[in-house]
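As structure tokens, the structure follows; a few thoughts come after it.
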Amino acid sequence: MTDQHIPTPDSPCADTASAGAPFDQLPLAPAVLANLRQLGYLNMTPIQAASLPIALAGHDLIAQAKTGSGKTAAFGLTLLTNLNVRFFGVQALVMCPTRELADQVAQELRRLARSVENIKILTLVGGSTMRPQMASLEHGAHIVVGTPGRIMDHLQRGSLNLDGLNTLVLDEADRMLDMGFYDDIAFIARQCPAQRQTLLFSATYPEGIGELSRRFMRQPQEVKLLERHENDKIRQRFYEVSKEERLQAVALLLNHYRPVSTLAFCNTRQQCRDLLQVLRDQGFHALALHGELEQRERDQVLVQFANRSCSVLVATDVAARGLDIAQLEAVINVDVTPDPEVYIHRIGRTGRADQDGWALSLASANQMRRVANIVQELGSEPEWHPLSELQAASDEPLVPPMATLQILGGRKEKIRPGDVLGALTSGAGFTSAQIGKITVTDMSTYVAVEQGIAHEAQRRLATGKLKGKTIKVRIMDVSGDSPPRETAPASSRRKH
Ligand code: ADP
Ligand code: MG
């Protein structure tokens with residue numbers, strides 16, 4: 001597998017040619033370079049080569065790359081470069097989602113900083129008592145690595161002062177958002193000097209990242225490493241269809257392969273609308289993502305798809321930009337795209353991590369030229385299958401495993417994921433295994449629950465209390481039986 005560095009559409013990025021280049025072409029102190037050689041770090045990894053020139057030049061940065069790609073050194077070398085050891089104050093703060101990750105990062109930073117004498121790196125994580133941490137802080141630390149909750153505790157008690165900070169790092173930002181740390185991160189970022197460099201690292205790019213960057217970063221540059229796909233993980237199949245068969249063929253594919261989550265790419269918005277209609281008429285739980293949606297509607301669509309309460313998301317390439325879903329069993333190319341790079345980008349959304357994924361493409365006879373271009377780019381032969389071999393694998397309709405409950409009330413009401421989980425488990429007697437992702441936005445909270453308990457969970461929440469108040473809860477519908485439009489109050493997420 002090789003990594004491909006691709007520029008995001010709206011931001012400049014570093015030179016691909018520097019991947020694998022030696023560290024000594026970077027403006028790093030000689031002692032730091034000597035230490036890297038001792039560590040056996042001779043050449044930069046692709047994410048380091050893409051991000052270090054930007055970060056060392058002082059820019060804010062959003063870097064996206066998979067686990068194990070060397071992200072720690074990418075921000076570690078930057079914060080060391082920004083550091084003045086003679087000043088005994090916290091100059092860099094690294095936020096990590098868990099205590100284990102914070103420990104790992106601190107360890108790697110210590111290795112990278114071996115050449116810098118008298119440097120103090122402190123971890124602040126939950127699970128250990130506050131007192132010793134406070135004592136260590138009193139002695140002065142240059143770099144703090146910790147989890148958002150504990151860092152916030154110290155800030156609120158006044159034991160951590162960030163007035164001298166110059167570098168703020170959000171590591172594994174997607175996981176921190178998943179864990180409901182948005183508010184803590186926001187609180188911490190507000191305690192940092194406005195004049196600072198902010199670096200954000202993430203393996204995926206969920207919507208919340210955009211919100212963080214809009215609020216807390218200054219003209220961040222983005223680098224992204226798209227994995228060239230391991231062919232054995234993404235199984236690609238092509239089906240020849242006539243114009244008339246095309247949309248119906250999508251339903252055949254869904255019934256045959258029965259993926260839990262499918263992203264279906266259309267070339268036009270009209271095709272999105274038509275396909276959504278065809279799928280809903282047949283009872284599929286499908287939603288569409290297109291440019292006409294308001295931000296709030298878009299958020300709701302993405303929440304439902306990401307938490308597995310919508311089987312199919314129908315989208316154009318433009319609408320799906322920046323969308324990153326961890327678990328995606330299938331990508332369907334409803335139409336062949338004329339651009340092979342777009343094809344590679346589309347199918348790269350499936351087959352992530354340890355899972356296999358299907359990339360299924362529908363091509364009409366007049367699109368064979370496009371298929372040939374794709375095949376040339378991929379360097380492998382396409383696997384053609386006849387539509388006639390598609391058999392419904394079950395008589396049961398394809399139903400998503402989860403359903404989404406929308407609670408009217410969110411951050412503004414100080415609702416946290418833990419409150420909702422508590423209300424459903426200790427309050428209503430469900431097990432936490434029956435509860436999926438909980439997403440809190442300014443005005444609404446979305447909670448995924450197993451399909452089979454949706455009505456009961458809705459009833460219990462609506463008759464119980466959350467934060468001492470009765471709440472309005474509804475089940476969000478994706479089957480098409482009722483109008484897809486939402487009736488929640490307009491969001492005010494942008495007004496900060
Ligand atoms: P990530 O944060 O992207 O998951 P890490 O920063 O934890 O990745 O790095 C993964 C491993 O690669 C670590 O063991 C680290 O020591 C090693 N590593 C990082 N950069 C280099 C390099 N340029 N050359 C050799 N090994 C490296
Ligand atoms: Mg890491």
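Atoms within each ligand, like the ligands themselves, are counted from 1 in listed order.
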Should the proximity of [X] to ligand 1, defined as any heavy atom under 4.0 Å, be assigned to the side chain, the backbone, both, or neither?
X    : result
L42  : neither
E108 : side chain
F23  : side chain

Q: Give a yes or no on this: more than 12 heavy atoms of other residues, nucleotides or ligands lie within 6.0 Å of atom NZ of K414.
A: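 Check fails, neighbour count at 12 or below.
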
Q | Heavy atom of E172, distance to ligand 1 below 4.0 Å | A |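 False for this residue.
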
Q: Could you tell me which residues satisfy side chain to side chain contact (heavy atoms under 4.5 Å, CB included) with A57, sequence neighbours excluded, listed by chain and number?
A: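 Result, side chain to side chain contact (heavy atoms under 4.5 Å, CB included) vs A57: H59.
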
Q: Just jot down the side chain to side chain contact (heavy atoms under 4.5 Å, CB included) partners of S426, sequence neighbours excluded, or say none.
A: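 For S426, no residue satisfies side chain to side chain contact (heavy atoms under 4.5 Å, CB included) once neighbours in sequence are set aside.
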
Q. Looking at L162, L160, I188, V144, which one forms a side-chain contact (heavy atoms from CB on, under 4.5 Å) with H154?
A.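 The residue from L162, L160, I188, V144 that satisfies side-chain contact (heavy atoms from CB on, under 4.5 Å) with H154 turns out to be L160.
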
Q: Kindly say whether the aromatic ring centers of H142 and F88 come within a distance under 6.0 Å.
A: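 Between F88 and H142, which both carry aromatic rings, the centre distance is below 6.0 Å.
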
**Q.** Which of the ligand 1 atoms, numbered from 1, are nearer than 4.0 Å to a heavy atom of T72
**A.**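 It comes down to these atoms of ligand 1: 2 (O), 5 (P), 6 (O), 7 (O).
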
Q: Would you mind listing which atoms of ligand 1 come within a distance below 4.0 Å of any non-hydrogen atom of R111?
A: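 Counting atoms of ligand 1 from 1, those under 4.0 Å from R111 are 16 (O).
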
